[in-house]
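Quick one: this structure, given as structure tokens, is what I'll be asking you about.
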Amino acid sequence: LRQISENASEAAVLRRAREEISAANSLDNALANAEQALRQLTPDTAYALYLYDGSSDSIRCETAAADGNFIKGLIIPLGERVSGWCAATRRTSMNSDAALDLGTIAKQSSPDLRSTLATPILHGDMLIGVLTAYAPRAEAFNEAHRYCVEDIALAFAALLARTNGSHNVISFRKSHY
């Protein structure tokens with residue numbers, strides 16, 4: 001019964017986060033809402049929202065939350081680093097070393113960031129971006145954390161799809177990577 005109660009509580013947190021993200025009036029506010037939920041459901045973490053830029057075939061950190069402000073503005077080419085690989089393959093990556101994604105800036109956090117959980121933000125087969133969580137512990141994330149971050153990414157996909165025109169999306173071409 002305790003497990004059922006915990007699952008119901010987690011589901012309520014995710015449902016509230018999806019509603020708040022949907023009602024957000026900016027990406028910063030949407031990520032702040034996501035952070036509030038994810039802080040309850042995942043390890044102590046920094047969060048980054050990368051959006052796809054079709055002109056450079058890369059993702060750019062548009063906003064960051066918690067201890068992640070130093071990530072804002074980071075550009076990662078598709079297929080490179082952890083978040084770029086996630087964007088290119090449309091697959092979630094869990095527990096890769098944060099230094100593989102952030103390089104030396106992973107050490108700008110206190111404590112150093114050591115783990116990532118990156119999931120693509122998709123609208124159908126269109127790449128919108130990547131939601132990446134970073135934690136100061138190696139192997140910090142588990143399957144329950146993955147589910148939570150993927151669920152929040154779906155909320156961002158719906159929000160960003162509605163903003164049509166304020167971001168670039170591409171149709172996934174299997175031959176691209």
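Hydrogens, waters and symmetry mates play no part in the numbers below; they use all other heavy atoms, side chains included.
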Exercise for review: Could I get the full list of side chain to side chain donor-acceptor pair (under 3.5 Å) partners for Arg39, not counting sequence neighbours?
Suggested key: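 By the side chain to side chain donor-acceptor pair (under 3.5 Å) rule, Arg39 matches Glu35, Asp44.
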Check your understanding: How close do Ala140 and Ala135 get, heavy atom to heavy atom, and via which atoms?
Key ->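 That closest heavy-atom pairing would be CB-CB, 3.5 Å.
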Point to revise | From OH (Tyr52) to CD1 (Ile59), nearest 0.5 Å | key: 10.5 Å
Check your understanding: In Å and rounded to the nearest 0.5 Å, what is the OG1 to CG distance from Thr132 to Leu113?
Key ->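 The CG atom of Leu113 is 11.5 Å from OG1 of Thr132, to the nearest 0.5 Å.
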Exercise for review: For Ser96, enumerate each residue passing the side-chain contact (heavy atoms from CB on, under 4.5 Å) test, keeping only those at least two apart in sequence or located in another chain.
Suggested key: Val82, Ser93, Thr116
**Study point:** Sidechain-backbone polar pair: Asn95 side chain, Phe141 backbone, donor-acceptor under 3.5 Å
**Key:** yes
Point to revise | CG-CG distance between Leu49 and Leu131, expressed to the nearest 0.5 angstrom | key: 6.5 Å
Exercise for review: Report the hydrophobic cluster partners of Trp85, with the cluster defined as I, L, V, M, F, W, Y residues connected by side-chain heavy atoms closer than 4.5 angstrom, directly or transitively.
Suggested key: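 Reading the cluster by chain and number, Trp85 sits alone, since nothing else belongs.
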Review point. When clusters are formed by joining ILVMFWY residues with side-chain heavy atoms under 4.5 Å apart, either directly or through shared neighbours, do Leu160 and Leu154 land in the same one?
Key: no
Review point. Of all heavy-atom pairs between Ile71 and Cys61, which one has the smallest distance, and what is that distance?
Key: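 The answer is O-CB, 3.5 Å.
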Review point. Do Phe156 and Ile128 pass the side-chain contact (heavy atoms from CB on, under 4.5 Å) test, and can you show the C-alpha distance, the side-chain angles, and the key distance before you say yes or no?
Key: CA-CA 9 Å; Phe156 273 104; Ile128 297 174; over 6 Å; no
Review point. Which residues satisfy the salt bridge (charged side-chain N to carboxylate O under 4.0 Å, His left out) test with Asp112, sequence neighbours excluded?
Key: Lys107
Under 3.5 Å, which donor-acceptor pairs link side chains of residues 13-23 to any protein atom two or more places apart or in another chain?
unit_1	atom_1	unit_2	atom_2	d
Arg18	NH1	Asp151	OD1	3.4
Arg18	NH1	Asp151	OD2	2.5

Exercise for review: Using modelled atom types only, decide if a donor and an acceptor are shared between the side chain of Gln36 and the backbone of Ala32 within a distance under 3.5 Å.
Suggested key: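 Not at all, since once roles are kept as given, no pair shorter than 3.5 Å links the two residues.
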Point to revise | Heavy-atom closest contact (Val130 atom, Cys86 atom, distance) | key: CG1-SG, 4.1 Å
**Study point:** Non-hydrogen atoms of Arg114 and Ala138 that approach each other most closely
**Key:**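 Closest approach of Arg114 to Ala138, heavy atoms only: NH2-CB, 3.7 Å.
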Practice item. Please check if Leu41 and Leu117 belong to a single hydrophobic cluster, counting links between Ile, Leu, Val, Met, Phe, Trp and Tyr side chain heavy atoms closer than 4.5 Å. Key: yes
Check your understanding: Which heavy-atom pair separates Leu159 from Ala30 by the least distance, and what is that distance?
Key -> CD2-CB, 3.7 Å
Point to revise | Set of side-chain contact (heavy atoms from CB on, under 4.5 Å) partners for Thr104, sequence neighbours left out | key: none
Exercise for review: For Thr119, enumerate each residue passing the side chain to side chain donor-acceptor pair (under 3.5 Å) test, keeping only those at least two apart in sequence or located in another chain.
Suggested key: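 Applying side chain to side chain donor-acceptor pair (under 3.5 Å) to Thr119 gives Thr92.
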**Study point:** Test item: Asp101 side-chain N/O and Ser83 main-chain N/O as donor-acceptor pair under 3.5 Å
**Key:** yes
Check your understanding: What residues form a side-chain contact (heavy atoms from CB on, under 4.5 Å) with Ile75, not counting sequence neighbours?
Key ->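 Partners of Ile75 by the side-chain contact (heavy atoms from CB on, under 4.5 Å) criterion, ordered by chain and then number, come out as Ser58, Arg60.
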Exercise for review: Flag yes if Phe70 and Leu74 sit in one hydrophobic cluster, no otherwise; membership is Ile, Leu, Val, Met, Phe, Trp, Tyr, and two members link when side-chain heavy atoms are under 4.5 Å apart.
Suggested key: yes
Review point. How long is the span from the OH atom in Tyr47 to the CG atom in Leu38, to the nearest 0.5 Å?
Key: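 Rounded to the nearest 0.5 Å, the OH-CG separation comes to 4.5 Å.
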**Study point:** Listed partners of Asn142 passing side chain to side chain donor-acceptor pair (under 3.5 Å), at least two apart
**Key:** His145
Review point. For residues 137-146, which residue pairs qualify under salt bridge (charged side-chain N to carboxylate O under 4.0 Å, His left out), counting only residues two or more places apart or in two chains?
Key: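 Every pair satisfying salt bridge (charged side-chain N to carboxylate O under 4.0 Å, His left out) with a residue in residues 137-146: Arg146-Glu150.
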**Study point:** side chain to side chain donor-acceptor pair (under 3.5 Å) partners for Tyr50, two or more places apart
**Key:**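 Expected list: Tyr134.
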Check your understanding: Where do Asp28 and Ser26 land on the side chain to side chain donor-acceptor pair (under 3.5 Å) test, with the steps shown first?
Key -> CA-CA 5 Å; Asp28 288 337; Ser26 72; 5.1 Å; no
